[in-house]
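Just so you know, ligand 1 is whichever comes first in the structure, and atom 1 is the first atom listed for that ligand.
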Amino acid sequence: MAKKLFIKTYGCQMNVYDSARMADVLAPLGYAPADSAREADMVILNTCHIREKAAEKVFSELGRLKPLKDAARRRGGRMILAVAGCVAQAEGAEILARAPHVDIVLGPQTYHRLPELVATATRRAGGVLDTDFPVESKFDHLPDASAPPGVASFLTIQEGCDKFCTFCVVPYTRGGEFSRPAAAVLAEARGQIAAGAREITLLGQNVNAYHGAAPGGGEWGLGRLIRALAAVPGIARIRYTTSHPRDVDDELVEAHRDVPALMPFLHLPVQSGSDRILAAMNRRHGAADYLRNLERLRRARPEIAFSSDFIVGYPGESERDFEATLALVREVGFAQSFSFKYSPRPGTPAAAETDQVADAVKSERLARLQALLEAQQQAFNRSQVGRSLEVLLERPGRHPGQLVGRSPYLQPVHMLAPAHLMGELVAARIVGAEPNSLAGERLEEAERIPA
Ligand code: 5AD
Ligand code: SF4
């Protein structure tokens, strides 16, 4: 009989990709997707450890799942409960101690061992833990994707990080930097396109540090890989995330200049505008280096827009440091951003600093920063009104006859369009701007306004 699998995904797009791969690994064991945990024979929480709140959410979700698991047992069945992802990697044994109803704890590098772990957990009473960094790569063991990837799909090309920013858990939970061979990436891309993808977002914790084995020997950087990907028939759009300012090399900048399919939108986290704080964070770049990178990219692709991540209240951050962040934001004008209060992560160097910033100060700074960033995002959205933009239609809208797609800048665009255009790139005149989306009208070829 078919078994049902429910995966709840937290955190970044890498986890979205990993969740899809876990579903692929379990499909041959007879697991089909379930709509909710209630009807599932196996529940996987694919977790994120980047900030404290993310980890705490996992423990409360585990609490909510316990009665479902108990109910399954009373019915004579069994619900297998697995915790995957970065909380699993960081707090493996702690999870089994705090939530003994968990059957499997597995880190991000061991998904290909899931079938074996499920078999072991089914035989045994206690939980099983697998948070190794195995020598064999999970990418060599994962089956080809079984579910269609959708019009806009993700493709992991790189994992892990060697940068060791002092606030960040990634180098500990995801391990050292690893790049997949270019041929494997291109083969997966061809598969995704054959299954209907038109846009591919290349994923990596430090994606522009990519240095995968080249098909003819040697290595390719991200710029070279993007050129090869752009040559794959059927691909309309390429994106990549997340990048580090240190790894913006000339080849990548030139790809932005030469490859039309590479979207003119880049998420490039700066974290802070204060050189003192950037140095304390071990970011290995200053504010001026960051601005220079944006300038290089703007020269290569004048219509490019940027988004960033920010942390406020890093240990020792003074009002002056914070004002340097505001000044940098004013200078750049971001199209979109993510900003967070600093959250001490156990085991990271910054967590051990003694000059932690009071939570009230963090909240107050975050509110000021977010007010500025939101105003910039709205200004950017409004600046699109009257323009003609290409929209990749991805899904039905809320209203009849409406489809929703994405602009080159990742803004959702709502427009009236016949359902058969789903998955197509269409030209739209932007007629309205909301804080988080745009309204468009479909343009015929003849009506297009030069962008
Ligand atoms: N506290 C707050 N924000 C953090 N980030 C990473 N670690 C922390 C932390 N300890 C943010 C950074 C990163 C984004 C993914 O999450 O801004 O770019
Ligand atoms: Fe974390 Fe990114 Fe710094 Fe790596 S580069 S340590 S992933 S913030």
A.B. asks: Only one of Tyr409, Phe380, Phe310 clears ring-ring contact (aromatic ring centres under 6.0 Å, His included) with Phe334; which?
C.D. replies: Phe310
A.B. asks: Answer yes or no as to whether an N/O/S atom of Cys168 is found below 2.8 Å from atom 4 (Fe) of ligand 2.
C.D. replies: no
A.B. asks: Find all atoms of ligand 2 within a distance of less than 4.0 Å from any non-hydrogen atom belonging to Lys163, and give their numbers and elements.
C.D. replies: 4 (Fe), 5 (S)
A.B. asks: So which protein heavy atom does atom 9 (C) of ligand 1 come closest to, and at what separation?
C.D. replies: Ser343 O, 3.6 Å
A.B. asks: Can you tell me which residue and heavy atom of the protein come closest to atom 11 (C) of ligand 1, and the distance to 0.1 Å?
C.D. replies: Arg51 NH1, 3.3 Å
A.B. asks: Could you list the atoms of ligand 1 found under 4.0 angstrom from a heavy atom of Arg345?
C.D. replies: 10 (N)
A.B. asks: Quick check on Arg227: does its CZ atom have over 12 non-hydrogen neighbours (other residues, nucleotides or ligands) under 6.0 Å away?
C.D. replies: yes
A.B. asks: Measure the distance from atom 4 (C) of ligand 1 to every protein heavy atom, then report the residue, atom name and distance (to 0.1 Å) of the closest one.
C.D. replies: Ile311 CD1, 3.6 Å
A.B. asks: Should Ser337 and Phe306 count as side-chain neighbours, where that means a heavy-atom distance under 4.5 Å?
C.D. replies: no
A.B. asks: State whether Glu91 and Arg98 are salt-bridged, where the test is any N-O pair (Lys NZ or Arg NE/NH1/NH2 against Asp/Glu carboxylate O) under 4.0 Å.
C.D. replies: no
A.B. asks: Name the closest protein heavy atom to atom 12 (C) of ligand 1, giving the residue it belongs to and the distance to 0.1 Å.
C.D. replies: Gln271 OE1, 3.3 Å
A.B. asks: Pull out every atom of ligand 2 sitting under 4.0 Å from any heavy atom of His244, numbered as shown with elements.
C.D. replies: 5 (S)
A.B. asks: Among all protein heavy atoms, pick out the one at the shortest distance from atom 15 (C) of ligand 1; state its residue, atom name and that distance to 0.1 Å.
C.D. replies: Asp309 OD2, 3.6 Å
A.B. asks: Taking only heavy atoms of Cys165 into account, list the atoms of ligand 2 that are under 4.0 Å away from them.
C.D. replies: 3 (Fe), 5 (S), 6 (S), 8 (S)
A.B. asks: Quick one: is the NZ or CZ of Arg21 closer than 6.0 Å to the six-membered ring centre of Tyr17, and within 45° of its axis?
C.D. replies: yes
A.B. asks: Which is it for Phe167 and ligand 1 at heavy atoms under 4.0 Å: side chain, backbone, both or neither?
C.D. replies: both
A.B. asks: Taking only heavy atoms of Lys341, which atoms of ligand 1 are found under 4.0 Å from at least one of them?
C.D. replies: 1 (N), 2 (C)
A.B. asks: Heavy-atom contacts with Pro171 under 4.0 Å: which atoms of ligand 2 show up? List them by number with element.
C.D. replies: 6 (S)
A.B. asks: Just wondering, do Ile104 and Val118 contact through their side chains at under 4.5 Å, heavy atoms?
C.D. replies: yes
A.B. asks: Atoms of ligand 1 less than 4.0 Å from Ile50 heavy atoms?
C.D. replies: 5 (N), 6 (C), 7 (N), 8 (C), 9 (C), 10 (N), 16 (O)
A.B. asks: Within a distance under 4.0 Å of any heavy atom of Phe167, pick out the atoms of ligand 2 and give their elements.
C.D. replies: 8 (S)
A.B. asks: Using a strict 4.0 Å cut-off to heavy atoms of Phe164, name the atoms of ligand 2 that fall inside it.
C.D. replies: 6 (S)
